[in-house]
**Q** 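The structure follows.
One-based numbering along the sequence shown.
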Amino acid sequence: MEKKTEEKVLCVNKKAQFNYYLSDFQEAGIELCGSEIKSIRKNRCSIDEAFVIFKSGEAYIMNMNIPTFQDKNVFSHEPRRTRKLLLHKKEIYSLMDNIKQKGFTVIPVRVLLRRGFCKIQIALGKGKKNYDKREAIKNRELKIKLDKISKLR
């Protein structure tokens, strides 16, 4: 009998797909405090401006916005604090090697809840040039036109 893994996507970084070529997706845990997880469960987080840095063999996410929980108490948190990512050492070192050698950057793609735990999906990204972005816009508009034409028939 298979167990269903309950997965709820909380927020998605839509700009990441547009601004970067994404590859090597991985999941990591996030070190959170109590009021942060309460805010995340209410779908109140943003990773649009977030990025991942590495310090002394550990991964941290910067600029991830988790607003304070409505019930303001003594133990509320700072919304844009630096949070530690929970990854294995091998994963951290492989990401660090890709960043140093190949010119990639690590970008958070989406935040999700799986079996009660908050996870973040990160990916290696290589920046797109402006002409690549224009091509993506052109393809998207063409697809919209084709969908409209197919609905009329």
**Q** Among side-chain atoms of Glu58 and Tyr60, is any donor-acceptor pair under 3.5 angstrom?
**A** yes
**Q** For a side-chain contact (heavy atoms from CB on, under 4.5 Å) with Ile120, tell me which candidate from Val111, Val109, Asn13 qualifies.
**A** Val111
**Q** Check Gly57 against Lys89 and note the closest heavy-atom contact, atom names and distance.
**A** O-NZ, 3.1 Å
**Q** Output, in order, the C-alpha distance, side-chain angles, deciding distance and verdict of side-chain contact (heavy atoms from CB on, under 4.5 Å) for Lys84 and Ile30.
**A** CA-CA 6 Å; Lys84 185 176 177 181; Ile30 311 173; over 6 Å; no
**Q** Roughly how far apart are Glu6 CD and Lys8 NZ, rounded to 0.5 Å?
**A** 10.5 Å
**Q** Decide yes or no for Arg80 and Met62: does some side-chain heavy atom of the first lie under 4.5 Å from some side-chain heavy atom of the second?
**A** no
**Q** Determine, using the 4.5 Å side-chain heavy-atom cutoff (strictly less than), whether Leu86 and Ile47 are members of one ILVMFWY cluster.
**A**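 No; Ile47 is not reachable from Leu86 via cluster members.
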**Q** Go through the structure and list residues passing side chain to side chain donor-acceptor pair (under 3.5 Å) with Asp48, not counting sequence neighbours.
**A** none
**Q** Is the backbone of Arg81 close enough, under 3.5 Å, to the side chain of Arg83 for a donor and an acceptor to pair up by distance?
**A**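 Here the side-chain-to-backbone pair exists.
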**Q** Is Tyr20 reachable from Val106 through a run of I, L, V, M, F, W or Y residues, each pair having side-chain heavy atoms under 4.5 Å apart?
**A**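 No, separate clusters.
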**Q** Where the side chain of Glu36 meets the backbone of Cys33, is there a donor-acceptor pair that is under 3.5 Å apart?
**A** yes
**Q** Would you give the length of the straight line joining atom CG of Leu22 to atom NZ of Lys126, rounded to the nearest 0.5 angstrom?
**A** 13.0 Å
**Q** CZ/Phe104 to CG/Asp24 distance, rounded to the nearest 0.5 angstrom?
**A**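 Here the rounded value is 7.5 Å.
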**Q** Any donor and acceptor pair, going by atom type alone, linking the side chain of Arg41 with main-chain N or O of Gly116 inside 3.5 Å?
**A**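 A pair under 3.5 Å: yes.
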**Q** Starting from Leu112, can I reach Ile122 by hopping between I/L/V/M/F/W/Y residues whose side chains sit under 4.5 Å apart?
**A**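 In one cluster: no.
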**Q** Looking at Leu87 and Glu27, what are the two nearest heavy atoms and their distance?
**A**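 Closest heavy-atom pair between Leu87 and Glu27: CD2-O, 3.8 Å.
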**Q** Could you check whether any side-chain heavy atom of Gln26 comes within less than 4.5 Å of a side-chain heavy atom of Glu91, counting everything from C-beta outward?
**A** yes
**Q** So do the side chains of Ile107 and Phe51 get within less than 4.5 Å of each other, counting heavy atoms only?
**A**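 When only atoms from C-beta onward are counted, Phe51 and Ile107 do not touch, as no gap falls below 4.5 Å.
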**Q** Enter the distance from Asn63:CG to Glu49:CD here, rounded to the nearest 0.5 Å.
**A**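 Reported value, rounded in 0.5 Å steps: 6.5 Å.
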**Q** Between Cys45 and Asn65, is any pair of side-chain heavy atoms under 4.5 Å apart?
**A**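 They are not in side-chain contact.
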**Q** Taking atom types as modelled, find out whether Lys128 and Asn19 have a side-chain donor-acceptor pair closer than 3.5 angstrom.
**A**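 Distance-only check fails for Lys128 and Asn19.
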**Q** Could you tell me whether the side chain of Glu135 reaches within less than 4.5 Å of the side chain of Asp132, counting heavy atoms only?
**A**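 No, side chains not in contact.
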**Q** Any side-chain heavy atom of Met64 sitting closer than 4.5 Å to one from Ile66?
**A** yes
**Q** Test your reading of the model: is there a side-chain donor-acceptor pair from Arg110 to the backbone of Leu10, 3.5 Å cut-off?
**A**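 Not confirmed, Arg110 side chain does not pair with Leu10 backbone.
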**Q** Side-chain contact test, heavy atoms from C-beta onward, threshold under 4.5 Å: evaluate it for Ile37 versus Cys118 and give yes or no.
**A**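 In short, these two side chains touch, coming nearer than 4.5 Å.
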**Q** How many angstroms lie between atom CD1 of Ile53 and atom CD1 of Ile99, to the nearest 0.5 angstrom?
**A**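 Separation between the atoms: 10.5 Å.
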**Q** Find out whether Leu124 and Tyr21 are in side-chain contact, i.e. whether some heavy atom of one side chain is under 4.5 Å from a heavy atom of the other.
**A**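 No, side chains not in contact.
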